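Structure first, commentary second.
Counting convention: from 1, in listed order, for ligands and their atoms alike. Please read these numbers as outputs of a predicted model, since none were measured by experiment.
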Amino acid sequence: MKRVFLFFLIIAGFNSAFSQSVETPSWAKETKEQKAKRLEWWRHDRFGMFIHWGIYALPARHEWVKHNERISNENYQKYFDNFDPDLYNPAEWAKKAKDAGMKYAVLTTKHHDGFCLWDSKYTDYKATNTSCGKDLIKPFVDAFRAEGIRVGFYYSLIDWHHPHFPYDRIHPNRPDDANELAKANEKRDIKIYQQYMKDQLTEILSNYGQIDELFLDFSYPGENGKGHKDWDSENLIKLIRSLQPQIIIDDRADLKNTTWGWDYVTPEQSIPKEWPSENGVRLPWEVCHTFSGSWGYYRDEHTWKSVHQLLSILIESVSKGGNLLLNVGPTARGTFDDRANDRLDGIAKWMKFHSRSIYGCTQAPDEYKVPEKCLLTYNPETKRLYLHLLEWTVPSLPGYADKIKYIQFLNDASEIRYSVTDNDVILTLPEQRPNVEIPVIELFLK
Ligand code: GLC
């Protein structure tokens, strides 16, 4: 009897957890079609550049250095005092992004350390007060737009500099003793910090024209953490939508149990096993990746991904219906370092001939089985399939035969002849593989 009651309680609890999903406020009402329209460019473009840049580029050992080394405000000040990106020329960044085939770029306007790249009225902790003395966002948006690249902003919800941001379990300067932490927080008023975020978001979303993506980062609810109540997320989203109605917003403001508090999901440094979905509905998603293990410039981090790995990540994301936001961490002089340029150049070389298998593409319909060591993307408009050969082996395509009109390599549009056995397509590939990082075979469907 007791057990039955317990079971009932668990189920009831479960239900109530789900039913707390907040009703759509009137300002957030949007039909599925309207949302699809808003996300159309983003779903098509697939590939963006993430840029993590701030005074953490000076220590050059991770953008979380203040947290990792528990650095006090006083000791962190030297990075502010010595910030002087004399070689900053975002036209060079934009050119690199454009050549690599990136269609949008998302810049960290403020990261967790609280340093702001623009001339915010609400803080002194900003680029204009460093030796560089200027707003770094304006030249960035101008340069990227001049290359036809859309502009997005990253804004950290977390702020390890603001005097009213309450200490929590990840704050670098938190007292370790729980009682002391609570006591120190008595002097911190999160309402003041909430207003600060609203004021700053109003600035960056009013002063730089149309902003296409907003990456709010991030929530960690639970004991000594922070979530939507701390950020006042509902009102943040309301404000953001009122300033930039078309903007696409990530899912890190802890409003995942609503349909209106986020637009897409954001796996990080991984590839989902399959297209992420909820209750059988496939979700828009964008994965972000670094070249190495760090987002901010990290001089002594040497585990850099190869061009082949990076391209595989891009292709695999598209093959599961997602986007890739690939990160560069510029140096404190304001340039991309050699390793980043080398990877971007490699990607550019491939994209020049293969972007057709990326833009406008998505997961192939289920009837097309993916051969081993291959990745498959599909363009539903042109009805073409793109078979990416991760290794130079001859794949056979099971059950494809009566669906195929023509087959060619994508890099040079040279015909690929094939034979058919039991409706399977057997390709006749040349002995010499095309001189490209990942060969792509374009299949024209009937
Ligand atoms: C994480 C990290 C952060 C990085 C971000 C990128 O949340 O805190 O440093 O900016 O991921 O997605």
Side-chain angles (χ1 to χ4, degrees), residues 42 47-71 76 79 102 104-117 137 140 152-162 165 168-174 197 200-201 204 213-222 224-228 230-231 233 248-256 262-272 276 284-299 301 303 305 310 313-314 317 322-330 340:
W42 183 87
F47 191 24
M49 177 180 273
F50 215 173
I51 302 174
H52 275 68
W53 197 41
I55 55 175
Y56 44 76
L58 281 92
R61 44 181 198 274
H62 207 282
E63 77 284 355
W64 275 61
V65 62
K66 193 177 188 196
H67 162 98
N68 294 345
E69 300 177 16
R70 307 281 302 257
I71 304 176
Y76 201 72
Y79 306 126
M102 292 151 158
Y104 60 105
V106 179
L107 174 69
T108 50
T109 57
K110 176 190 93 165
H111 205 264
H112 308 335
D113 67 1
F115 178 73
C116 299
L117 294 188
I137 294 187
F140 162 82
F153 288 154
Y154 167 108
Y155 181 81
S156 175
L157 298 166
I158 300 164
D159 195 313
W160 297 328
H161 181 81
H162 197 285
F165 182 89
D168 56 32
R169 62 175 190 254
I170 63 169
H171 197 299
N173 315 124
R174 66 193 178 272
M197 286 196 288
Q200 290 209 316
L201 283 163
I204 58 174
E213 178 175 310
L214 184 67
F215 201 113
L216 298 170
D217 197 35
F218 64 80
S219 302
Y220 42 108
N224 273 327
K226 287 191 174 62
H228 64 99
D230 303 285
W231 314 128
S233 293
I248 299 176
I249 308 176
D250 74 338
D251 65 341
R252 296 189 182 181
D254 189 29
L255 290 174
K256 278 303 275 300
W262 55 283
D263 288 317
Y264 64 98
V265 294
T266 55
E268 177 175 320
Q269 302 282 49
S270 61
I271 299 266
W285 66 278
E286 172 191 79
V287 68
C288 46
H289 272 268
T290 54
F291 287 137
S292 70
S294 170
W295 302 87
Y297 177 64
Y298 198 137
R299 185 190 57 208
E301 223 287 13
T303 59
K305 295 174 186 113
L310 294 163
I313 292 170
L314 171 64
S317 304
N323 286 24
L324 170 65
L325 197 56
L326 186 56
N327 181 73
V328 184

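Atom 10 (O) of ligand 1 has His52 NE2, 2.5 Å as its closest protein atom, hydrogens excluded (heavy atom only). Looking at atom 9 (O) of ligand 1, its nearest protein heavy atom turns out to be Glu63 OE2, 2.5 Å. Here the protein heavy atom with the shortest distance to atom 7 (O) of ligand 1 is Asp217 OD2, 3.1 Å.
The environment of CZ in Arg299 is sparse: at most 12 heavy-atom neighbours from other residues, nucleotides or ligands sit within 6.0 Å.
Across Tyr220, Trp295, Phe218, Tyr76, a single residue satisfies ring pair (Phe, Tyr, Trp, His ring centres under 6.0 Å) together with His112, and that is Phe218. Among the candidates Asp250, Thr109, Asp217, the single residue satisfying the side chain to side chain donor-acceptor pair (under 3.5 Å) test with Tyr154 is Asp217. Of the candidates Tyr104, Phe50, Tyr155, Phe153, Phe50 is the only one forming a ring pair (Phe, Tyr, Trp, His ring centres under 6.0 Å) with Phe215.
Against a heavy-atom cut-off of under 4.0 Å, His111 is close to the following atoms of ligand 1: 3 (C), 4 (C), 9 (O), 10 (O). Near Cys288, meaning under 4.0 Å from any of its heavy atoms, are these atoms of ligand 1: 12 (O). Shown in contact with Phe218 at under 4.0 Å from a heavy atom are these atoms of ligand 1, numbered in order with element: 7 (O), 8 (O). Of all atoms in ligand 1, listed by their number and element, those nearer than 4.0 Å to a heavy atom of Glu268 are 1 (C), 5 (C), 6 (C), 7 (O), 11 (O), 12 (O). In the vicinity of Tyr154, heavy-atom distances shorter than 4.0 Å reach the ligand 1 atoms 10 (O).
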Intermediate values then yes/no, side-chain contact (heavy atoms from CB on, under 4.5 Å), Glu268 and Arg252: CA-CA 12 Å; Glu268 177 175 320; Arg252 296 189 182 181; 2.8 Å; yes
Worked check of side chain to side chain donor-acceptor pair (under 3.5 Å) between Asn327 and Thr290: CA-CA 5 Å; Asn327 181 73; Thr290 54; over 6 Å; no
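Ion pairing between a basic and an acidic side chain is recognised when a charged N comes within 4.0 Å of a carboxylate O; Asp168 and Lys226 show such pairing.
Of the listed residues (Phe50, Tyr56, Trp64), the one carrying the non-hydrogen atom nearest atom 2 (C) of ligand 1 is Trp64.
The distance criterion of under 3.5 Å between nitrogen or oxygen atoms is met by Arg252 with respect to ligand 1.
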